[in-house]
Each structure stands twice: as C-alpha cells, then as structure tokens.
Protein chains: 2
Amino acid sequence: MASIKDVAAEAGVSVATVSRVLNDHPSVSAEARTRVLAAVETLGYRPNAVARSLRTDQTHTLGLVISDVLNPYFTELARSVEEEARALGYSVIIGNADERPDLQDHHVRNLLDRRIDGLLVSPTDGGSPLMLDAVRAGTPMVFVDRWIPGVDVPVVRADGQTAVRDLVAHLHGLGHRRLAIIAGPAATTTGRERVEAFREALAAYGLELPDAYTGQGDFQAESGRRVTEGFLDLPEPPEVVFAADNLMALGALDAVRARGLRVPDDIALAAFDDIRWFVHTDPPITAIAQPTGDLGRAAVRALVDRIEGRPGESVTLPARLVVRRSCGENPAETPVTNRSQS
Amino acid sequence: MASIKDVAAEAGVSVATVSRVLNDHPSVSAEARTRVLAAVETLGYRPNAVARSLRTDQTHTLGLVISDVLNPYFTELARSVEEEARALGYSVIIGNADERPDLQDHHVRNLLDRRIDGLLVSPTDGGSPLMLDAVRAGTPMVFVDRWIPGVDVPVVRADGQTAVRDLVAHLHGLGHRRLAIIAGPAATTTGRERVEAFREALAAYGLELPDAYTGQGDFQAESGRRVTEGFLDLPEPPEVVFAADNLMALGALDAVRARGLRVPDDIALAAFDDIRWFVHTDPPITAIAQPTGDLGRAAVRALVDRIEGRPGESVTLPARLVVRRSCGENPAETPVTNRSQS
DNA sequence: CACGTCGATGTAATCGATTCCAGGCGCGAT
DNA sequence: ATCGCGCCTGGAATCGATTACATCGACGTG
C-alpha cells in the first residue's frame, strides 16, 4: 500500500505538507493542496489508521461488550450503538461474552490492548478486577442495560418498575393469583431488579412470591425450560410464569408445550424484553418492551461525551407493557394492542 | 499506560530484551526473563497492539461485513465466525451493511484503513470498485453465503438445490399446484439462485413459475408483506408462498394474518433459512435449514489459510428441509419432525 | 594460547503517521 | 533600505513496539 511518503514524493512536497492537507490544516497553499490531492488520487492512497492511532493516541473506536449476541435484545442494542457511533465518527468492535465472565474478561482485555477510546459494557457479573482497574485507570466507560453497583460509571438503562406493576395489575385483573417468576442470574442487576419489582408489585395486591415460585435462570432458553418444568411439577403449579428475559420465555414455552399443555389456557406466560417474534408465536406473548434503540443511542452519546471531555450522564428510560394473548383473553383490550404492533 | 520502556527500566534491561521475553524468543537468560516478568507484573503492563501492528504489519483481526445484523441467520453466522476466529487467535470486527451498498462500502473502506488481515464478506450487491480493487491488491478475502461471480475469491456457502427439490416434492405431495416465491434482490447470488432452484424443481413436476407468482423482495420483512399482499390480490392467488429468507417469511405471515386468513388452511408458507423461532410461530414454519455454524467456521478457516499463506479453498455444504405444519397437515410425518426440533 | 562459536544483550533503524520548531520568502511599514 | 510579521514549508522528533546487527564474554578445540 502507498504510504504518506509515496504521496509526498509523487506530489513533490514533504510528508508534513501531505499530512497538513489530509487534516485540512489552514496554512497550506492552494497549489500544494491540489498537487497533494492529485497524488492521493493517482496512488489510491488511504491513510494508515494504525499509524495514525499510534501517534495521536486515539483510535476512534468504541468497544461494546454484550452478554449474548444471539439474544435479539442485544442484537438490536448493538445495531443502534453502531449506528449512533458511526454518526459521531466512531467505529464499534463488538465482543460477545455469552454470559460467561471469563469470555467477558477476554474481550475487555483485547479491547483495552487495542486502545479503544471507550468501552460500553453490559456486565455479566459483579465486575472482574480487570474491569475495575480499567475504570480506575481512567478508561472512559459506560454501562448499558446492566451495571455494577458501587462503580462510578454512567449507567444507561430502562426502568421496568412501572411496567412490571402494570403487568401485575393486568394479571390480577384476569383473575390470576399464583404468579411465578423465572429470574436472571443474581450476579446481574437486571437479574435481581426484575424479581424485586415483581415482588413489590405483587405485595401491592397482597400477594406473596414464595420461594417455590422463584426459579433461578441464567437468561438462556435452556434454563427457562428447566425452571418451568420445575414449576409444572409442583403440587400446586403457578397460574402465570413471568420470564425475566425473552430467551427464558422461549424455553418456558417449549416446556409447556412438551407437556401437551396450552398457553394461556393451562398456564399464562409473560416476558421481560419484547421482540418482533412475540407477535407471531402461538399465542402472541405479552411482554415488557424496552426502548432499545434509544438506550443504544443514549449510551453512545454518554460515552462519547466522556471521551471528548464532557460530563456524560446516566440515563434511565421507561419500559412499557405490551399486552397480547399469552396471559388470557381480555376481549376488549387484546385486539387493539395486537393490531398496534403489526 | 506503562510502555515497554517502563518495563525495561523497571527490570534493568533493554527494551529489546523485554520484547524478546514477551514474544518468547529463545535466547534470553532465565534470570532476565524472571526480572522482566516481575516488572510486567508490578507495572500491570500490557503490550500496545496498535504499535505492534504498525511494526509487524499484522493486526490479527478479521473484518466481517454482513448484510443485516437483525437477521438471525447472520447473527448466528457472526457468532460462529467470532468463535472460530478467537480459537485461531484472531479478533473480528463486524460491519453491518443493512443491505445497502453504500454502507457496505463504508465498512469495507473502514476495515481496510484499519489494516485488518483479511475480509469476510457476504456482498449486498455485485461488488463495488472498492472491493474489487481490494481483491486485486491482494487483500485476503473470502465470500460467505453470497458471492460475486467472476471474482477469484473462495466462496463458503450452502447449496439449497436438493432441499428446494425436497420442499417442492413435499408441497406437491400435499396437493399444492400453484406455488409462488418471494425472491431476494437480483443483485445477490442467493437472491437469484433460490428462484432458479425453485423454478427447476417445479419443472420436474411439470409446473410453471409464472411472473405473477414471482415477487421481488429485498430480504427485509416489509418487502415480504408487500409482495404477499400482491399475491393475495391476484384473481387466482397462489396456494403456497415460499419466502427466500426468514424475514420476508415473517412479513408474509403478517400480511396473511392482517387479512384474517390462516396458515396453512388459506395459504401455505415456507421459508429459506431456519431459525429457532419458527418452531414457535403459529403455525410452526416449514423451512430450509443451512448449517450456519459450520459455514462460519469453514469461512474463517479458509480466510486464515489465505492469510497465513496456505491455499484456502471454497466450501459448499448441503442445506436440508425441515418440515413443520405451515404447508398443511401430513399426519404421518408432522408430529415426528416437529418433536425432533424441540 | 589463539581462534571460532554460541548465547545473551544492547543499540539503533524502522513501521506511517502527526506536529513542534525553525527557516525562507514576500510584503507592508517605518 | 531595513525590519518585522505572516504564511508556507521542510526537517526531525515522536508514538511503542520488533528486529537486524554489533558486541561481549565464556567456552571448547586444535
């Protein structure tokens, strides 16, 4: 590949001048500029980003470490992150942690080695020393969706509390009283918070959340299936299962169907995280929708603010309930919200 | 951040020795080695990948440019690509082209500027001058899923011809005679091939594929909806709609449902690309499944072979038909294949 | 004893950019 | 005519690594 020296030789100027033209520095004569640009054209020159980064100490790259790329929620998040980053002149390198702390660490280390300008993380766990060191060392960082308590890093996330209350109201209104939850890993904030919000919402109706109705999942489909099977084996199975993410809801659906039971007739199902496919499942699934695109964009803006020396603040956006048919018929309401989705 | 110089100073040796220790070069005394490693430890030193890349002219990074991250097929592909690359010591930077040639070019340019070691592309179109230049300039490249005819680059893809024949046999056996297809963009190989395979398979049964039954889609859900509406408006609508990818099938499902019609009673539906959710839609959708994971891994191996100076060959793997209920009941067969999926 | 060999180490060049600094030139003011 | 000031320009340092080459000492051998 042609280097800046080749361009300088071709244009008959020094490398300094070429560099000045390329970074449109003011003091370059019109003549030099045109000669350089012509040389760039004929040589098909493209600046070497690696060399530039070494010198300027900026890569114009953000790292995004997410917990699971196969989860449509994170895919959508990744997409909006990349979009906003591109608009602001940054590229994104995605690391998929697969809900595994060791893989998460691998990616964080890799990204740090590559001297990314900032890091967007949705932590799988309570935070490895590596990540905490990075924060302490001053690496610009922003948490998205999940976060690590006690670490001084902006957090961009959705607040599901109101939506969970709406969900419980909806369930209660349909006559359900025995409500169970498939929780996410206790090491994650979202894993804990969703259970707490659910418990509080139940309390408002004088309902309890017994241990038997609190299954421990890991945000993956298989755990949803396993936990649901446990629920169905209980002497008094719950009337509703609320899955703390969309993949576990999928697993729950599998488990229910494998027993030859039907949703919502035999057992109702609801999920945190709404995804396109929930409109098309049998039956369409009632879910709590996060403003995923907005979260991704806000997270990037916060991170870039930090990188470029501005404050960079935390953002919390509301999630909302989307009622479909998986919790039982509500003749007046269902057709409307269903149609609004299509 | 600490640099190699700091380590050298701390250990009381030269930078050359530090570098030798880090790259485990044979001629370093045991004593120097331990001193260097200790210094690395106390300083928390990590080599700067940017500097290293500049010097060695390798980034140990692959670029992956895919057509649409929101498409589960490509998400899965991306995941397996990253996995295999990691196993071989490479990182992956993903660029999402969103089926837009201009975005595809943006990412290719960006990746080239970053001096990635090799490029994995699933082209959205016939190939921009930029990409063709890169091939000519000797950038290691491999096409995956889709390719560009006439370009000398290994291709890793699935062959759907047999599976499409199986599909048509299945449909014919169920009594369907008026079969329609929602095609992908004519600029893509997969867009063209799937139509051709379908047409040939129909011919084997003495059936035609009239223009009215060939809708032009763009691999996005919205086009599937639009085309399907067109089909339903025909004086004699088709009995089956075969969507050339999973998103267009989703759009088709929307369109059918919006009319208050039912699958498969009013119209049958099948799709190219199988995804997890197809088991759970109403009804479960008959699809042609690609060995996505194998494709991703094979593509990475071919690319890394090229990068490291070995041949790097094209690979074609067979796709297979997965029968579910969306084309009509086949009492003997359906329960079995359906159960095998769960 | 002299010489060649080999292992361990350091010095310095290099990768391809950016940028500080100094110098040359033209021009207006004194 | 001289001076000073801007504008352009080039030389050279620099970023943090890798690596060719030189050096030096120890050791074995003829």
Side-chain angles (χ1 to χ4, degrees), chain A residues 1-40 43-61 89 109-117 137, chain B residues 1-40 43-61 89 109-117 137:
Chain A
M1 288 221 81
S3 84
I4 196 173
K5 269 193 211 142
D6 303 318
V7 176
E10 171 83 15
V13 297
S14 73
V15 293
T17 301
V18 175
S19 175
R20 277 189 275 257
V21 171
L22 265 35
N23 296 286
D24 39 40
H25 185 287
S27 59
V28 182
S29 67
E31 211 243 317
R33 163 164 285 113
T34 53
R35 288 238 303 282
V36 167
L37 292 178
V40 165
L43 294 177
Y45 169 77
R46 295 250 76 213
N48 183 329
V50 174
R52 188 198 297 249
S53 293
L54 176 60
R55 182 62 234 250
T56 61
D57 203 35
Q58 346 174 353
T59 50
H60 276 277
T61 304
R109 195 186 321 275
N110 181 17
L111 292 166
L112 254 26
D113 284 356
R114 286 166 188 276
R115 301 299 193 267
I116 43 117
D117 293 341
Chain B
M1 290 221 78
S3 83
I4 197 172
K5 269 192 211 142
D6 304 319
V7 176
E10 172 83 15
V13 297
S14 73
V15 293
T17 300
V18 175
S19 175
R20 278 189 274 255
V21 170
L22 265 38
N23 296 286
D24 39 41
H25 184 287
S27 59
V28 182
S29 67
E31 210 244 317
R33 164 165 285 114
T34 54
R35 288 238 302 286
V36 167
L37 292 179
V40 165
L43 294 176
Y45 168 78
R46 293 251 77 214
N48 182 327
V50 174
R52 187 198 297 249
S53 293
L54 176 60
R55 183 61 233 253
T56 60
D57 203 35
Q58 352 173 350
T59 49
H60 276 278
T61 304
R109 197 187 321 275
N110 181 18
L111 292 166
L112 255 24
D113 285 356
R114 286 165 186 273
R115 302 298 193 266
I116 43 116
D117 293 341

*Asks:* Measure NZ/A/Lys5 against P/D/dG11 and give the value in whole Å, please.
*Replies:* 13 Å
*Asks:* About how many Å separate CG of B/Leu111 and CZ of B/Arg109, when rounded to the nearest 0.5 Å?
*Replies:* 11.5 Å
*Asks:* Under a 4.5 Å cut-off applied to non-hydrogen side-chain atoms, are A/Met1 and A/Asp6 in contact?
*Replies:* no
*Asks:* Looking at five pairs on each end of the helix from C/dC1-D/dG30 to C/dT30-D/dA1, what is the angle between the two axes, given to 10 degrees?
*Replies:* 70°
*Asks:* Going by atom type alone, with no hydrogens or angles, which donor-acceptor pairs under 3.5 Å involve a side-chain atom of residues 11-21 of chain A and a protein atom two or more places apart or on another chain?
*Replies:*
from	atom 1	to	atom 2	distance (Å)
A/Ser14	OG	A/Ala16	N	3.4
A/Ser14	OG	A/Thr17	N	3.4
A/Ser14	OG	A/Thr17	OG1	3.4
A/Ser19	OG	A/Asn23	ND2	3.4

*Asks:* From OH of B/Tyr45 over to P of D/dG16, roughly how many Å is that when rounded to an integer?
*Replies:* 10 Å
*Asks:* When the distance from CG of A/Leu54 to P of C/dT19 is rounded to whole Å, what number comes out?
*Replies:* 13 Å
*Asks:* Between A/Arg52 and A/Asn48, is any pair of side-chain heavy atoms under 4.5 Å apart?
*Replies:* no
*Asks:* Rounded to whole angstrom units, what separation is found between the CG atom of B/Asn48 and the C1' atom of D/dT14?
*Replies:* 14 Å
*Asks:* What is the separation between atom CG on B/Asp57 and atom C1' on C/dT14, rounded to the nearest whole Å?
*Replies:* 12 Å
*Asks:* Can you tabulate the close N/O pairs, meaning under 3.5 Å, that link protein atoms to atoms of nucleotides 7-13 of chain C?
*Replies:*
from	atom 1	to	atom 2	distance (Å)
C/dT9	OP1	B/Ser29	OG	2.8
C/dT9	OP2	B/Ser29	N	2.9
C/dT9	OP2	B/Ser29	OG	3.2
C/dG10	OP2	B/Ser14	N	2.8
C/dG10	OP2	B/Ser14	OG	2.9
C/dG10	OP2	B/Thr17	OG1	2.7
C/dG10	N7	B/Arg20	NH2	2.8
C/dG10	O6	B/Arg20	NH1	3.4

*Asks:* Identify whether any heavy atom of A/Ser3 sits under 4.0 Å from a base atom; if not, whether one sits that close to sugar-phosphate; answer base, sugar-phosphate or nothing.
*Replies:* sugar-phosphate
*Asks:* With a 4.0 Å cut-off on heavy atoms, is B/Asn23 in touch with a base, just the backbone sugar-phosphate, or nothing at all?
*Replies:* sugar-phosphate
*Asks:* Step by step, would you call A/Arg46 with B/Leu112 a side chain to side chain contact (heavy atoms under 4.5 Å, CB included)?
*Replies:* CA-CA 9 Å; A/Arg46 295 250 76 213; B/Leu112 255 24; over 6 Å; no
*Asks:* When the distance from CG of B/Asp6 to P of D/dC15 is rounded to whole Å, what number comes out?
*Replies:* 11 Å
*Asks:* What's the spacing between A/Arg115 CZ and A/Thr59 OG1 if we round to 0.5 Å?
*Replies:* 10.0 Å
*Asks:* From CG of A/Leu43 over to P of C/dG16, roughly how many Å is that when rounded to an integer?
*Replies:* 14 Å
*Asks:* Give, for atom OG of A/Ser53 and atom CG of A/Asp117, the distance between the pair rounded to the nearest 0.5 Å.
*Replies:* 8.0 Å
*Asks:* Compute whether any side-chain donor of one residue and acceptor of the other, for A/Asn110 and A/Arg114, lie under 3.5 angstrom apart.
*Replies:* yes
*Asks:* Are B/Leu22 and B/Val7 close enough that some pair of their side-chain heavy atoms sits under 4.5 Å apart?
*Replies:* no
*Asks:* Expressed as a whole number of angstroms, how long is the span from A/Gln58:CD to C/dT19:C1'?
*Replies:* 14 Å
